[in-house]
Every structure is written in structure tokens, then in C-alpha cells.
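What follows is a set of notes on a single structure, which appears directly below.
One-based numbering, in listed order, for ligands and for the atoms of each. Along the sequence shown, residues carry numbers from 1.
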Amino acid sequence: MKKLWLPLLFAVWLSAVGGSGSKNKRPNIVFVLADDYGFNDIGYHGEQIFTPVLDKLASDGVKLENYYVQPICTPTRSQLMTGRYQIHTGLQHYVLLPEQANGLPLDDPTMADKMKEAGYATHMVGKWHLGFYKKEYLPFNRGFDSYFGYLVGEETYYGHKRDYTDGNWYLDLRDQNGPVHSEEGHYSGHLFTEKAIDVVQAHDPRKPLFLYLAYQSVHGPLQVPEKYERQYRHIQDENRRIYAGMVSAMDEGVGNLTQALKDKGLWDNTVLVFSTDNGGTPKGGGNNFPLRGWKGSLWEGGIHGVGFVSGGRVPLKGTVNRELIHVSDWFPTLVGLAQGSLNGTKPLDGVDQWGTISRGTPSKRTVLLHNIDPLARTLGVPLYNDTFDTTVRAAVRVGHMKLITGEPYNGSWVPPPGSAHKFEPEPNTFPDKNVWLFNITADPTEHHDLSDQMPGTVRTLLGYLQRFNQHAVPAVYPPLDKNSNPALRGGVWGPWQ
Ligand SMILES: *[C@@H]1O[C@H](CO)[C@@H](O)[C@H](O)[C@H]1NC(C)=O
Ligand SMILES: *[C@@H]1O[C@H](CO)[C@@H](O)[C@H](O)[C@H]1NC(C)=O
Ligand SMILES: *[C@@H]1O[C@H](CO)[C@@H](O)[C@H](O)[C@H]1NC(C)=O
Ligand SMILES: *[C@@H]1O[C@H](CO)[C@@H](O)[C@H](O)[C@H]1NC(C)=O
Ligand SMILES: *[C@@H]1O[C@H](CO)[C@@H](O)[C@H](O)[C@H]1NC(C)=O
């Protein structure tokens, strides 16, 4: 009797502290964010670029086919880290420029803060782009135990440099101990993969792991080791060919990382999310066909993103999820999975989507504010005087319907160079047109503007924008600060206040 009792007690204790075999054991969470990765540029959406690793991970897990991000970098990253719309953080307008004294507000706890509070080991590798003018804004002061990566955006892949407004290039690569000068010539697709693998290998498995790998790939400049480009010799267009190679390098990197998780014995208890930050940019080789428009726009090509969930802890294998999910939803979804607390957060705009991802239940979201940008150029004249001003750049989704107001940017349909599909220019409309309405479910490529046919629906959706706008905070977009010049601090981008 006594002999049996002890091991039993030990087993009970093990499951209580989350030892192996426990159903309630909290999963490791790995979030891989690609940069400027187009909707058409993953193997299972397109026909030109090979992504065997991403395809396999996605088909072993849940493909998110009604998944939305923001049209550009900082906005998506801010919503991922806080679960809150930009109208609530002041980051409605454009991206953080490296010379601006601005950042993700410090009173918004990040996903990493919440994971750390819940007892996770928290690590970040790659692109931050959420502010750095004061030390308090750096990733290791925003919940990450460790950080290796860059703070700004648009650097070179080998030199890890970014230009200042005077045209000089300065190093933007660091870890929590300071600038890293030793990686010149190390392609970031390899470097960041290796650093993420170092995190996995050094991880103490008694703690759950939260790893955020924000690749530089596949943002411009177009740079990749020749061997990745070589397999795309058949693509004539040089930008597209190099870009395709960059995607392949990233695909290989994700393969290496998942192998490391398997080798370490972590994969079976891991939830891996893969997401783009926004649509691709055709000038930079990316492509979102058949969607309309591209990065930066409020058309679907800017915001309808590539995303999937994989890993041993995803119960639904090989499914396609068509429920409305947004990048702000990851905050409550993943903090919930970590059994963390939402105490101390401000009201969230994201909703917990683990139900739809793990069991296929309906999305908890029917309304999605794409953005309201009070500082963008206005367009035309207001349609109505008693509701949301249609000259303002904004978009909202309510159920099937999407309303765009103001200046949405170029809305052509651009197929990848060399494909059999035809380029379609934007339809000719009167120049000051500033309202569009689409049924995205019926018309995901936004060919049939319903705004004239359905004025009642236009008014209803303007009412949504009006109500959102009533509790928006002012947009923060300060002038460039000369003190940000890295020449004043050893030629390295970093905090200056
Ligand atoms: C993946 O691992 C292989 C084998 O170690 C290596 O040759 C390759 O460069 C790695 N790729 C990336 C993107 O890190
Ligand atoms: C969250 O706050 C409530 C109310 O203050 C408190 O009772 C609860 O213990 C807190 N939970 C955590 C996990 O901190
Ligand atoms: C809006 O108000 C202006 C000025 O009061 C008026 O001239 C205009 O006709 C109104 N427009 C509509 C659509 O009611
Ligand atoms: C929109 O983009 C397409 C493709 O680059 C280009 O041909 C077209 O001229 C642009 N339209 C406008 C109005 O700028
Ligand atoms: C939008 O399209 C879907 C799918 O075709 C349809 O079920 C729905 O009724 C449409 N909604 C409206 C408001 O037209």
C-alpha cells in the first residue's frame, strides 16, 4: 500500500505543477511574424513560390482564410502586442519613423508582459518597430526576458543598417546588452533563425516558452543568397525572382525552427502561429492576387492576411477556418491559452478565438474596425452631415459588409509578373469618390461596389465608424527629432532620451 502511494502522490504533484502527461499543461507559444508577405506568396495560395515547410505546417494545422491584419508594420505589431485598435493607442497614422520620439504607450501591457506574469519564459528575435526613443520602450522592458534584433525597419539584410534622414547608414542590431557589431555579412533570414533556435535549445522545459520571432523577411530591400534565388530561374521579373528566393529562405528557416522544437521535445506541446504583418507590395516583388490593392491600402490586398496555426497542441488537424479573425485577437487568445490574467489591461478590442481555432465554433467577432486615420489626406466632400465624415480615411467590416471611406490608395488588381492572369486597372470613377461598400463574403476581390445600391447599409456602417470615432484618442505623430541622429551615439540606432 505504502509503496503504491508515493508514486501516486508524485504523479498528482507532477500534474499539478504542469508536468508531462497533464491535460492542463500550458502550451509553449511560438509566434512567427513575416514582414510584407503577400497573400498570393504562400504555396497553398499561389502557383509561383514554393513553401513546402509552411504548406505542411498549415495543412497539419488550421489555415485561417478569413484572417485580417493592418495595412502596415507598426499598426499590426501594436495590435498584436496589446489587443487594442490603433484608435486607442494613438498609432492611427502611418508607421513609427526612426527619428520620431514616439512609441507604443507604456501603460498598455504587452502580450509578453502578460506571458511573463503567467510564468512563461519570454523571448523575442527580430523586428520591433514599436518605439525606442527611451530605454523603457525597448522589448526587454516590455515583457521580454531576452531580445535580439532591430528596432526600426527597412534595414539591409547583411549589414543590418538603416539610413538616417541625412542619407548616412547606421547599425540597427542589438540584444539586451547593447549594440551587436559582430554580425555584418550574416544574412538576417539565417541569423534570426539561428538566434531563435538558440532560445529553444537553452530553454528550461520546466517553464512554458513564449517565443516571438519577427522575421525581417520578406520586406525590401530585395536581398537573398544566390542559392535561394537559383531555383526560380524561370521567373523573368528580377524583383519577383529575388523575392521568391527570400520567401524560400524564410520557409527553410521556419523548418529549422520547428525541427529544433521537435529535437528539444517541445513540439507536441506547442501552439505555433504564423502570420504576415500586412499585404505584399508588387514593386518589391510581393503579390496579393486575386485580392485588390496591396500593402498600405484599405483594400483587401493590404489587410486580408496569410495566417495559420500549427503545432502539437492544435486539436483540429488539416482544417480550413473561414471565421472572421483579426490580429488584435491573438492577445486574449494566447494569454488565455497561457492561463494568464487580463488584469491591468485596458479594454481590449481583440476577442478570444481559441474556440473557433480549436473546435471550429463560430467566431466571437462580427465587427472589425480596420482603421480611422484622422491625419491622412482627406478626399472629396462629406456624404452626410450628421454622421461619420466620409472624407476621412477609414474602413470597417460588419458581418459580410465592408465600408471604405476617404482615400483608400491604389485599387488595381495586380497578378504576379509572368502569370497568365491579366492586370486590371482601377475602375474609372469620379475623382472625389470617397465611399465604397462591398459584400466581402460574396465578393472577396472587391469588384462590385454596392454603395449606390445600398444607401441604408452605407448609413448603418457609417454609424459604426461614428461610434468608434467618439472614443478614439488623438493620433500621435510627432515631427522628426534631430537628437535621434545615430551619429551622436557611436553610429548606432538607439534610445536618445
Ligand atoms: C537551416 O539549416 C540548414 C542545416 O543546418 C542550414 O544549412 C540552413 O542554412 C538553415 N537555414 C536557415 C534559413 O537558417
Ligand atoms: C485579478 O483581479 C481580481 C480583482 O482585483 C483579483 O481578485 C484576482 O485575483 C486577480 N487575478 C490575478 C490572476 O491576478
Ligand atoms: C451639409 O451642410 C452644408 C452646410 O450647412 C450644406 O450646404 C449641405 O447641403 C449639407 N449637405 C448635406 C448632404 O446635407
Ligand atoms: C495604380 O497602380 C497601377 C499598377 O502599378 C498603375 O499602373 C496605375 O497607374 C496606378 N494608378 C494610379 C491612379 O496611380
Ligand atoms: C452577402 O453575401 C452572402 C454570401 O453570398 C449572402 O449570404 C449575404 O446575404 C449577403 N449579404 C448582404 C447584406 O447582401
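- Each of the following atoms of ligand 1 lies closer than 4.0 Å to a heavy atom of G189: 13 (C).
- Heavy-atom contacts of G253 reach the following atoms of ligand 1: 13 (C) (cutoff under 4.0 Å).
- Looking at residues two or more places apart in sequence or on another chain, you find no ring-ring contact (aromatic ring centres under 6.0 Å, His included) involving W354.
- Geometrically, ligand 1 and E252 share a nitrogen or oxygen pair separated by less than 3.5 Å.
- Judged by the 6.0 Å and 45° rule, R322 forms no cation-pi pair with Y67.
- Between D277 and R77, at least one side-chain N (NZ, or NE/NH1/NH2) sits under 4.0 Å from a carboxylate O, which counts as a salt bridge.
- Stacking of K161 on the aromatic ring of W169 is not recorded, the 6.0 Å distance cut-off and the 45° axial limit not both being met.
- Ligand 4 places these atoms under 4.0 Å from at least one heavy atom of N410: 1 (C), 2 (O), 3 (C), 8 (C), 10 (C), 11 (N), 12 (C), 14 (O).
- Within the 4.0 Å heavy-atom shell around ligand 4 one does not find W413.
- Applying the 4.0 Å criterion to heavy atoms of F423 picks out, from ligand 4, the atoms 3 (C), 4 (C), 7 (O).
- In summary, the atoms of ligand 4 found under 4.0 Å from a heavy atom of S412, numbered by their order in the structure, are 1 (C), 2 (O), 3 (C).
- Taking 4.0 Å as the cut-off, K283 does not count as a neighbour of ligand 4 on heavy-atom distance.
- Q216 and S188 share a donor-acceptor pair across their side chains, judged by distance under 3.5 Å alone.
- The side chain to side chain contact (heavy atoms under 4.5 Å, CB included) test with I49 is passed by exactly one of V218, D251, I42, D41: D41.
- Of all atoms in ligand 4, listed by their number and element, those nearer than 4.0 Å to a heavy atom of W294 are 2 (O).
- In this structure, R459 forms a cation-pi arrangement with Y384, its terminal cationic atom sitting closer than 6.0 Å to the ring centre and no more than 45° off the ring axis.
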**OP:** Could you please spell out the steps behind the salt bridge (charged side-chain N to carboxylate O under 4.0 Å, His left out) verdict for K433 and D449?
**Re:** CA-CA 12 Å; K433 178 173 168 62; D449 175 15; 2.7 Å; yes
For ligand 5, list every N/O pair with the protein closer than 3.5 Å, one pair per line with the distance.
{"unit_1": "ligand 5", "atom_1": "2 (O)", "unit_2": "N439", "atom_2": "OD1", "d": "3.1"}
{"unit_1": "ligand 5", "atom_1": "2 (O)", "unit_2": "N439", "atom_2": "ND2", "d": "2.4"}
{"unit_1": "ligand 5", "atom_1": "11 (N)", "unit_2": "N439", "atom_2": "ND2", "d": "2.9"}
{"unit_1": "ligand 5", "atom_1": "14 (O)", "unit_2": "N439", "atom_2": "ND2", "d": "3.4"}

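- The shortest N/O to N/O separation between K227 and ligand 1 does not fall below 3.5 Å.
- Judged by distance alone, the side chains of Y232 and S248 do bring a donor and an acceptor atom under 3.5 Å apart.
- Close placement of the Y477 and H93 rings is indicated, their centers lying within 6.0 Å of each other.
- For ligand 4 and E426, the ligand atoms under 4.0 Å from any heavy atom of the residue are 11 (N), 13 (C).
- Taking every non-hydrogen atom of A249 and a distance limit under 4.0 Å, the qualifying atoms of ligand 1 come out as 13 (C).
- Two rings, from Y212 and H123, have their centers 6.0 Å or more apart.
- Both cation-pi conditions hold for K63 and Y44: the charged atom is under 6.0 angstrom from the six-membered ring centre and inside a 45 degree cone around its axis.
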